[in-house]
Amino acid sequence: MKIQATDIPTAQWSGDCLALGFFAIEPESVTLDLELDQHLGGLLKELIQETNFKGKVGETQSVRLASGTPRQLILVGLGESTLLSLDTLRQAAAAVARIARKQRCQTVGLQLPPWNQETASSAQAISEGIELALHQDHRFKSEPDLDSAAFPSQIELLGLGHQTAALERAQQVCSGVILARELVAAPANIVTPVTLADTATELAQTYNLSLEILEREDCENLGMGAFLGVAQASDLPPKFIHLTYKPSGVPRRKLAIIGKGLTFDSGGLNLKVSGSGIETMKMDMGGSAAAFGAAKVIGQIQPDVEVHFIVAATENMISGHAMRPGDILTASNGKTIEVNNTDAEGRLTLADALVFAEKLGVEAIVDLATLTGACIVALGDDIAGLWSSEDQLAQALTQAAELAGEKFWKMPLEEKYFEGLKSPVADMKNTGPRSGGSITAALFLKQFVKDTAWAHLDVAGPVWADKESGYINAGGTGFGVRTLVNWALS
Ligand code: BES
Ligand code: MN
Ligand code: ZN
């Protein structure tokens, strides 16, 4: 599928399917492109009136024309013009792409107004919406559904003729989102700590990034007892992955992105029971998928910032040498942790990753983790939690997320709740009480950052989708990649 931009007047465009965006309209006072309406034999006006099309966000109407070109007409609502956002454009483009595929249209002309007169970012968002909506993952089917993948083959963005650079940017961004989706969607017998390291190696080779992979012994030498405690029961070797993008000149700033990389979370000896979500715990590496997705994009864009991508990859398994509830682990900063619940494993792996990241002398560290079910209880499936002790960093991330169309909600680092993590025998426990579970998890992580600006993103809900919606398809969503890229470039 090819996306192009053109300045051909809409009335002169020819192809299978013409799609038009409309702001919220009063049916009595429709303002239309009269030349276009005439070209369509007055059908546009009739369709709007007969279907009572109001141009609400998400509203679509489509109709088969008698003959000739276009043969399919799609109207897509954009809501109030003053409330238009980049994500409304992304969603509208996705809705059109899905209808065009269903109607087996080969060529599509899509006309949408730019957001905020920013034609470049609008063209990028529209293109992202199309690309991500049409992405299909047939890797694990013996007979792929090639038929639906064939439609549409070409989409032209009308009125955006000079935006080829923006379309290329969209392509780069989507390649990262799709990498993250496919890493999350792949089962735990396919994406393992070893293959995650292979993915990093491939990224390093393709985009000229530097790569350091610490084996178990290297981690032992660094005193990463928290990470290794989690890795203890797996038959697969743990891999501590450190991928770095360095610009050719002096970097404007240096950043670190850490992704939780549990390729499977059984819960350990505090085994997850059936129905507790153990069936979907292949997605417990969603944070690392976002980090690698962002690395893929940043490796292509080559900005003037240095970015470190860090993933402590392992599985949380059971065996005769599994870490036991009650075991005390020592992290690489010397702090001791009483493991009162082996299922709170993500924070143990992140503890050593945070200590490692801080030693790199970066200006800011952001970690992404499918850390707690409690965060899903608090914010639902679509919104990630954001914790940060630095308002400026929280704001930069919020702005990056807004442009990305990814939802975050700022949560409190309520120091008093750390009382719930006090241990009589060690410096802290890894698990607090049930209430405020996502907050105590964030407070736990905070113990492993001394004085670097740090933010924690709990992405347990949004990295996975049970059903398709907008440009999101069922399965791995690639959540986080676009926010990370926007943040790194800001
Ligand atoms: N990976 C899970 C969190 C999770 C739950 C992610 C559901 C996605 C969907 C994490 O390792 C975990 O098991 N957390 C426990 C923590 C508890 C033991 C303090 C949880 O949330 O139940
Ligand atoms: Mn767990
Ligand atoms: Zn987990």
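Sequence positions, counted from 1, serve as the residue numbers for this chain. When a ligand or atom number is given, it counts from 1 through the structure's own listing order.
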Worksheet entry | Residue Glu345 atom name (nearest to the Mn ion (ligand 2); N/O/S) | OE1

Fill in: Numbering as shown, the atoms of ligand 1 that approach Ala460 to under 4.0 Å (heavy-atom distance)
6 (C), 8 (C)

Practice prompt. Identify, for atom 8 (C) of ligand 1, the protein heavy atom at the shortest distance, and state residue, atom and that distance.
Written response: Met283 CE, 3.5 Å

Worksheet item: What protein heavy atom sits nearest atom 2 (C) of ligand 1, and how far away is it?
Response: Asp265 OD2, 3.6 Å

Practice prompt. May I ask you to list the protein N, O or S atoms found at less than 2.8 Å from the Zn ion (ligand 3)?
Written response: Lys260 NZ, Asp265 OD2, Asp284 OD2, Glu345 OE2

Worksheet item: Which atom names give the shortest non-hydrogen contact between Ile472 and Arg181, and what distance separates them?
Response: CA-NH2, 3.9 Å

Practice prompt. Give the numbers and elements of all ligand 1 atoms closer than 4.0 Å to a heavy atom of Glu345.
Written response: 11 (O)

Worksheet item: Among protein heavy atoms, which lies nearest atom 15 (C) of ligand 1, and at what distance?
Response: Asp343 O, 4.0 Å

Worksheet item: Do Leu86 and Ser121 touch side chain to side chain, with heavy atoms closer than 4.5 Å?
Response: yes

Worksheet item: Are side-chain N/O atoms of Arg98 and Asn473 paired as donor and acceptor at under 3.5 Å?
Response: yes

Discussion item. Only heavy atoms of Asn341, strictly under 4.0 Å: list the atoms of ligand 1 that pass.
Written reply: 18 (C)

Discussion item. Please tell me whether Gln91 and Asp87 have a donor and an acceptor in their side chains that are separated by less than 3.5 angstrom.
Written reply: yes

Practice prompt. In plain terms, say whether Lys446 and Glu415 are close enough for a salt bridge, that is, a side-chain N and a carboxylate O under 4.0 Å apart.
Written response: yes

Worksheet item: Does Met281 reach ligand 1, in the sense of a heavy atom lying below 4.0 Å from it?
Response: yes

Fill in: Donor on one side chain, acceptor on other, Ser266 and Asn316, under 3.5 Å
no

Discussion item. Does any part of the side chain of Val108, heavy atoms only, come nearer than 4.5 Å to the side chain of Phe151, both counted from C-beta?
Written reply: no

Worksheet item: Would you call the rings of Phe408 and Phe479 parallel, tilted or perpendicular if under 30° counts as parallel and over 60° as perpendicular?
Response: tilted

Worksheet item: Under 30°, 30 to 60°, or over 60°: which ring-plane class applies to Phe448 and Phe444, parallel, tilted or perpendicular?
Response: tilted

Discussion item. Between Asp458 and Trp387, do the side chains contain a donor N or O and an acceptor N or O under 3.5 Å apart?
Written reply: no

Worksheet entry | ligand 1 atoms in contact with Lys260 (distance to a heavy atom under 4.0 Å) | 1 (N), 10 (C), 11 (O)

Discussion item. Regarding ligand 1, does Arg347 bring an N or O atom to under 3.5 Å of one of the ligand's N or O atoms?
Written reply: no

Item to complete: Taking only heavy atoms of Ile376 into account, list the atoms of ligand 1 that are under 4.0 Å away from them.
Response: 7 (C), 9 (C)

Discussion item. Taking distance alone, with N or O pairs closer than 3.5 Å, would you say Thr372 contacts ligand 1?
Written reply: no

Worksheet, complete the sentence: In this structure, atom 20 (C) of ligand 1 is nearest to the protein heavy atom Gly373 N, 3.8 Å

Discussion item. Nearest N/O/S atom of Asp265 with respect to the Mn ion (ligand 2), by atom name, please.
Written reply: OD2

Practice prompt. Flag the pair Arg169 / Ile301 as yes when at least one side-chain heavy-atom distance between them is below 4.5 Å, and no otherwise.
Written response: yes

Discussion item. How close do Leu228 and Pro238 get, counting heavy atoms only, and between which atoms?
Written reply: CD2-CG, 4.1 Å

Worksheet item: When you measure from atom 14 (N) of ligand 1 to every protein heavy atom, which one gives the shortest distance, and what is it?
Response: Leu371 O, 3.5 Å

Response to the item:
Near Lys272 (heavy-atom distance under 4.0 Å), the atoms of ligand 1 are 12 (C), 13 (O)

Worksheet item: Any side-chain heavy atom of Ile126 sitting closer than 4.5 Å to one from Gln124?
Response: no

Worksheet item: Is there a side chain to side chain donor-acceptor pair (under 3.5 Å) between Thr192 and Glu315 once you walk through the steps?
Response: CA-CA 8 Å; Thr192 69; Glu315 305 177 298; over 6 Å; no

Worksheet item: Is there a side-chain contact between Pro152 and Leu134 (heavy atoms, below 4.5 Å)?
Response: yes

Practice prompt. Starting from atom 19 (C) of ligand 1, locate the nearest protein heavy atom and write down its residue, its atom name and how far away it is, to 0.1 Å.
Written response: Thr431 CG2, 3.3 Å

Practice prompt. Could you list the atoms of ligand 1 found under 4.0 angstrom from a heavy atom of Thr370?
Written response: 1 (N), 2 (C), 3 (C), 6 (C)

